[in-house]
Each structure stands twice: as structure tokens, then as C-alpha cells.
There are 2 protein chains.
Amino acid sequence: MKAILANLAYYLKRIVMHKEFQVADSRVTLRDIAREVGVHPSTISRALNPATREMVTAEIAERTLAAAERLGYRPNTFAQSLKTNRSYTVGVLVPDLTNPVFPPIIKGIDRTLEEAGYTVVVANSDNQPDREQMCLERMQERRVDGLILATARLEDPTIERCLREKLPFVLVNRTTAKNDIPSVVADETAGIKMLVQHLTDLGHRRIAMVSGPHHSSTGLWRFEAYVSALRDHGLEFAPELATQSDTFTEEDGQLAAARLLQSGHDFTAIIAGNDMIALGCLSALKNAGLKCPDDISLAGFNDMRFIDRIDPPLTTIRIPLEEMGSYAARMLLGDLNDDPSSPQTIRIVPRLMVRSSTGPAK
Amino acid sequence: MKAILANLAYYLKRIVMHKEFQVADSRVTLRDIAREVGVHPSTISRALNPATREMVTAEIAERTLAAAERLGYRPNTFAQSLKTNRSYTVGVLVPDLTNPVFPPIIKGIDRTLEEAGYTVVVANSDNQPDREQMCLERMQERRVDGLILATARLEDPTIERCLREKLPFVLVNRTTAKNDIPSVVADETAGIKMLVQHLTDLGHRRIAMVSGPHHSSTGLWRFEAYVSALRDHGLEFAPELATQSDTFTEEDGQLAAARLLQSGHDFTAIIAGNDMIALGCLSALKNAGLKCPDDISLAGFNDMRFIDRIDPPLTTIRIPLEEMGSYAARMLLGDLNDDPSSPQTIRIVPRLMVRSSTGPAK
DNA sequence: AAATTTTCTGCAAACGATTGCAAAAACTAT
DNA sequence: ATAGTTTTTGCAATCGTTTGCAGAAAATTT
């Protein structure tokens, strides 16, 4: 008796490390249904799974489905996943959930994967590479069946890791320097060409660019397209008119635009690497006492929500973001691959949205 | 031999129903570590779990942790969850992920729950009640340990269901008519009082309201606060100056404001039920050839992202949305309850943000 | 009717982790 | 050295589902 009390006291010292709340408990199992229907649980399992339902008689299938409904049976997904080694979960990694570009992409992904029986888990890296690694680790702990990454850099350790560990993944919005990675991106080149065309049509000959960071495809490739499109219009690329924002945020965009304005170089228009950078450019213009588009025209990229409501409504390149997400999900599911051994890139065709942030050159 | 071939042919008829892609397979188990360390797997389990680590010697714990790291061990969460009946997942249900109010709330929730060892799964109901039920069902299939609902109506079948099934949940942003539901909401009354005070200080005596739908607390309670605050200022509530938007969207807000303008009743200011409705009111004012704030002043609620960038920058009530999310998560974890049997409501103190959409009454 | 073939069903093992309990080992008191 | 107490560890069962295989039952062929 004394040993029993001592043992109890010993184990009561255990400390619960996780903060935990009371969990609802509903436990109808295959066994319960089997008792009702009068067959073995393995037969119930086969009857409930559409893929194996033909292996049981129609009568047993019918009675099984009725009993399952009556008893409120809900499969235990832990047990299923333990046996099948599949979670039917897909991880989506975004750099910043509060950036309006990403919610519609996620929505498109979610819609498509939901139809295929998957659940989406979203993680937010806050544009921090070490946080990115942590997010990936957490997702692997959850045994996600695949990944959709909106965080890609041209050189990206996360992608290297996914390749090394043979994790199925697709890139969305940004891609990587490697050519053989499945991706769904905007046609950056076509988009920037439209902007340069639009601005030269307005008479602009000195067109600056505040690009995104060149470690990302959305940064570097849009910049390269700008250089190329200038040449297409017989304009010479002027390096002093190009500057780089450290991130795709208003704050860093404002800093980069301020540097450009302080350099004293002459230009009549700015192409911003994306709409967030464009907002930063607007702030920098205002701080410098310049009016848009009277003094400097401004164009962005993405046509993110509300960009048509700012002052002035922004000329930008529209990307159908939900569709982009949907394509990425379908690519992950293998829908879009004629040849699964040959990864592909889908480039979404953009549209030019002309609003009042661009006007004739002074 | 013929029976074997017949059996094979029979089973080859099975059809895979889910679209599936190749899943990565990494299988280091407790057994592998046990072999390395030379103890039983149950001892490894105890050594790896901080809550039970004191039940093994320091030497075995040390060698276990080293072997786990060297072998790249990752617990099988399916097996853990099957045994413990816990998923360490929390479901968050929002009406519209692309509404800028929700991403920061989700961010706050995610940050807090992540620290407590939980993963967040977000579902999007698209403001459709039947989709809401489907989302809830999906989350229950995943055996979420708890829920945070941003979708509450004053009378809400989803909440009834959660209560009936004893699912742990917390409401965020909106609450329900029941008094004893754990919720984290803005102090609607204080916020609307500030707006009415601000507008009467500007000389407005005819203040209209385009509220949100009265089936939600954010709709009805903000409206009731408006009525009450008018009285506080010796102004009589004029029913013809109040209209209701069917949803918290630009489109429905615009329709409601247009009805108000077409009614021909005289007013000099509008309080919108939230910032999205305010954007709709702006469109309606523009269509009616009215200028804001020269002809009609306008105020919103939430201070959602970019609302300070529109034309004109909106006067509104700021709610710290990430904090709101964080409070909700902590409430679910039981952090904020002195008395767990007595559910509470946290009302977040708002701030008035005066911008150029409000000016002196004409 | 008997033999053969096809369909259906139960058995048993597996998936990987946790945990109550009892036995073994280690430590302390006499 | 022996007895008593405490700590540590292994055993075995469990969680709920899936699935290969073999035997049983049903259907078809001879």
C-alpha cells in the first residue's frame, strides 16, 4: 500500500508542457458499425471507401452507409493517415499574409485542392529566411503531402531542401533560377513591355525603375524586362535611373524612391517593381513636393485590391491571382502535366490597367 | 496458380478515387533510435517528451536526443494523435480571406497558437451559411482541437452546433446574442461614440448611417450605438437617415448608400458600418456628383489597410487587429480566464483616426 | 450432381506512438 | 549484509484504420 501511494505521488509530479484545452470527444468507430450491421470491421471499411465499395455486396454497402449516418460516424483521420502515410494536407508558404496579393492566391489554391479532398495549411514567413525554414519544418512534422511555395528566391535553400528530400512542390508567383522547377508565374516580360509601351506612347523618354529585390524572380526578371523593353523602343538603359528596393514593401519602396529622387537625375516616369513599392514611391514623391502624374508618372505591377482607389488610382499590370493559385494547385495534383517527368512553367498572361497615375510626359 | 492469377485480376480492377501525387517517405521511428541507444522504444518515447524526460536517466536522455538528431527522427504525428486524441490543430473560420480585416487577425492568432505548439487551419466561408457548415464539418473531420470563429451572427446555427457538440471555440470580431460565449470584439459602442462626437464637433447635426447587416453584432450593435450616441448629443434619431447594407462589401454598401441618397433626405455626414461599406458609399457619392467631405463627410470602422491611401483618406476607427487575433488565441488556450466556467468577452479599446474624409458641416 | 470459377468476407498483421503496471535496478536505512 | 524505499525500464496493450491473403460462399460451367 505504501508502495502504491509512493508510486502515485511520484507520477503526480509530471508537468504538462503544452497549454491544452478540453477537447471534444466523439468516438464512433468501424467496430460500432460492424456490430450494427453484423459483419467484420474490415468489411465496413471496404463498404465506406468508394474505391473498395464494389468488393462488398450492395446490401451490406447500403446498410453500412445507413448505420454510419445514423450513428454519426466520422472516420478517424489519424488512423487513416497512419496506415496510408498520407495526410491529404498541402502546405502553402507565403511571405506575408497581409500583403493583398496572397489572400486571393490562397483562395484559388484552397478552392482547387478542396475539390480534390485536400486541406490547405498556410504558413507566413514574414520575408525571413530562417522563419521560412522553421515553417517548412513544421509542415513536414505535419507530414503535408505537398507544398506550394510563394516565397521563392532565385537561389533558395528551401527549394534545395525540397529537392533533396524529394518533397512534391510547386512555386507560385515567384520562381527560381533553376529551369526545371514546376512554377506558375506572371509573364513578367510581357507585363513590363506593356508598361514601357504605355509610357513611351505618352511621350516618356526618361523612365526610371524601382525594382524589387534581385534575389527574387519578380525583382530581377521585371528589371531585366525593363532594360530589354527600353532597347526595343530605341531608348538607352540609364543605370542611374534604376534602383532596387530591399523588399516588396511600402517602406523599402519609399526609401529606394527617395534615393532616386535625391540623386538629382532627370526622369519623367517610374515603373515600380510591384504595387506595394509603387505606394512607397507615391510617399516619396509627396515628400519631395512632386505631383503624380503631373510631375512624375507612376506605374505598378499586380493590380492588388484597392490600388484603383488610392490617390491617384494606379496604372498597373493585372494578374488574375485566384487563377494563378488554382493553376498552382492543379499543377501539384498533376493535372497540368502531360509529361510528369518534365516539370513545366506556366506564365500567366497579364493585362494593362491604365488609370490616372500615368499622364503625358512633361 | 490459376486462382492466384484470378485473384490478381480481380483486385486490379480497383480504381483510385483521390487525385494523388507521389509523397515523400521518411521513416525513422522510435524503434530505430532504441536500437542505437540500446533501450526499449518506450524509454525513447519518454526521453523525447519533455513532460516525461525526468522519468529516464540524464545519460539515456542525452544519448537519445543525440541519436534522434543524428538519424533525423521526426515524430509521426498521426500515431501521436491517434493515441492522444489530439491534433494540436486549431481551425479558424473567416467570412472572406481577401477582406483586409482578416489576414492580420489570422496572423495574430497564428503567432500565438504557434508558440503554444498548435497549427492553424484557415477556412473561408465566403459569407455563405451552408459553406460555413461544410467548413466546420471538414474541420471536425480533421479533428481540430478547437475553433476560432470570425463568422458569428447574432443567431448562428454554427455556434449552436459547437455548443451542442461541446467543441471548444472562441468568437473573434463578431459575437452572438448569447451573453455567455467567449469572444474578443471591438468596443463597438466606444468606437461609434467617438465618430458621433467627432462629427458633431465638426458641426454635423444630420448624420446618416449605412450599417452592416443586423444579423451580425458588428452590424446591429454599431447601429444601436449610433442611435444612443445621437441621443447623448441631444440629437434625435431619424429613421429615414439609417439604412442597412446586406453584407460588409463595397457593392452592397454602394447600393445601400445610393438608396439613401435617392431618398432625398437631407444629411451632411455618413457613418458607414465598416471601411468596406465606406468605400461603397464613396462610389455612391461620386455617382451622385457629390464630393466628400465638401458635400458629405464620411467615416468608416476598422482602419483596414490602405484606407489611409484612398481618395480621400478615410476617417475611421482603428482596431488593433493582430492583437485581437492574439487575444482570441489566448482565450482559447485558457490564458485569459480566471474562471474557466465563466466565459468572458474582451472588448478591444479602439482609437479615432481623423483623416480628410470628414470636414465641417455645410 | 460435381467440378470449377468468381465473388465475398473474416483474420491477422501492420502502421508508430503512448502509457499503466509490474518487475528490475538502484539507492538508502538499519 | 539485509531490509525497505525509490527510481528506472521493459512489457504489452491500446488507439482506429487499412489491406494481403486464405477460406467460405455463391455463381457458373461441365
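FYI, side chains are in, hydrogens and waters are out, and symmetry mates aren't considered; it's all heavy atoms of this structure. Note that the coordinates shown come from a computational prediction; the quantities given were computed from them, not determined experimentally. So you know, we letter chains A, B, ... as the sequences are listed, proteins then strands, and number each from 1.
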| task | Describe the nucleic acid contact of B/R46 in one word from base, sugar-phosphate, nothing, applying a heavy-atom distance below 4.0 Å. | result | base
| request: Test A/S81 against A/S87 for side chain to side chain donor-acceptor pair (under 3.5 Å), laying out the working first. | output: CA-CA 5 Å; A/S81 298; A/S87 65; over 6 Å; no
| query | Just how far, in rounded Å, is P of C/dG16 from CG of A/N76? | reply | 16 Å
| Pair B/R142, A/T119: side-chain N/O donor-acceptor within cut-off below 3.5 Å | yes
| query | Under the salt bridge (Lys or Arg N to Asp or Glu O under 4.0 Å) criterion, do B/R161 and B/E165 qualify, and how do the steps go? | reply | CA-CA 6 Å; B/R161 179 172 170 170; B/E165 305 194 17; 3.3 Å; yes
| Rounding to a whole Å, what distance do you find between A/M55:CE and C/dT6:C1'? | 13 Å
| request: Go through C/dA17, D/dT17, D/dC11 for me and flag the one nearest to the B/H40 side chain. | output: D/dC11
| message | From CG of B/N85 over to P of D/dT14, roughly how many Å is that when rounded to an integer? | response | 17 Å
| task | Using heavy atoms to find the nearest nucleotide of DNA chain D for A/F78 and B/V39 separately, return the residue whose nucleotide is more 5′. | result | B/V39
| When you match A/I60 and A/A79 each to their closest nucleotide on DNA chain C, which lands nearer the 5' end? | A/I60
| query | If you measure only the distance, is there a donor-acceptor pair under 3.5 Å linking the side chains of B/T77 and A/E141? | reply | no
| field | Short side-chain N/O contact to D/dG16 OP1/OP2 from A/Q80, under 4.0 Å | value | no
| query | Starting at CD of A/E59 and ending at P of D/dA25, how long is that distance when rounded to a whole Å? | reply | 16 Å
| request: Quick one: do A/D32 and A/R35 satisfy salt bridge (Lys or Arg N to Asp or Glu O under 4.0 Å)? Show the steps, please. | output: CA-CA 5 Å; A/D32 301 310; A/R35 247 186 311 259; 2.9 Å; yes
| Does the side chain of B/S45 get closer than 4.0 angstrom to OP1 or OP2 of C/dT18 through an N or O atom? | yes
| How close or far is atom P of D/dT14 from atom CZ of B/R86, stated in whole angstroms? | 23 Å
| What is the nucleic acid contact for A/S42, judged by heavy atoms within less than 4.0 Å: base, sugar-phosphate only, or nothing? | base
| Rounded to the nearest Å, what distance is computed from the CG atom of residue B/N49 to the C1' atom of nucleotide D/dT8? | 16 Å
| query | Of all the nucleotides listed (C/dG16, D/dT19, D/dT8), which has the minimum atom distance to the side chain of B/T57? | reply | D/dT8
| task | Report the distance from atom CG of A/L48 to atom C1' of D/dT19, rounded to the nearest whole Å. | result | 15 Å
| query | So which one's nearest nucleotide on DNA chain C is more toward 5', B/T43 or A/K83? | reply | A/K83
| task | Whole angstrom is fine here: how far is it from OH in A/Y88 over to P in D/dT17? | result | 15 Å
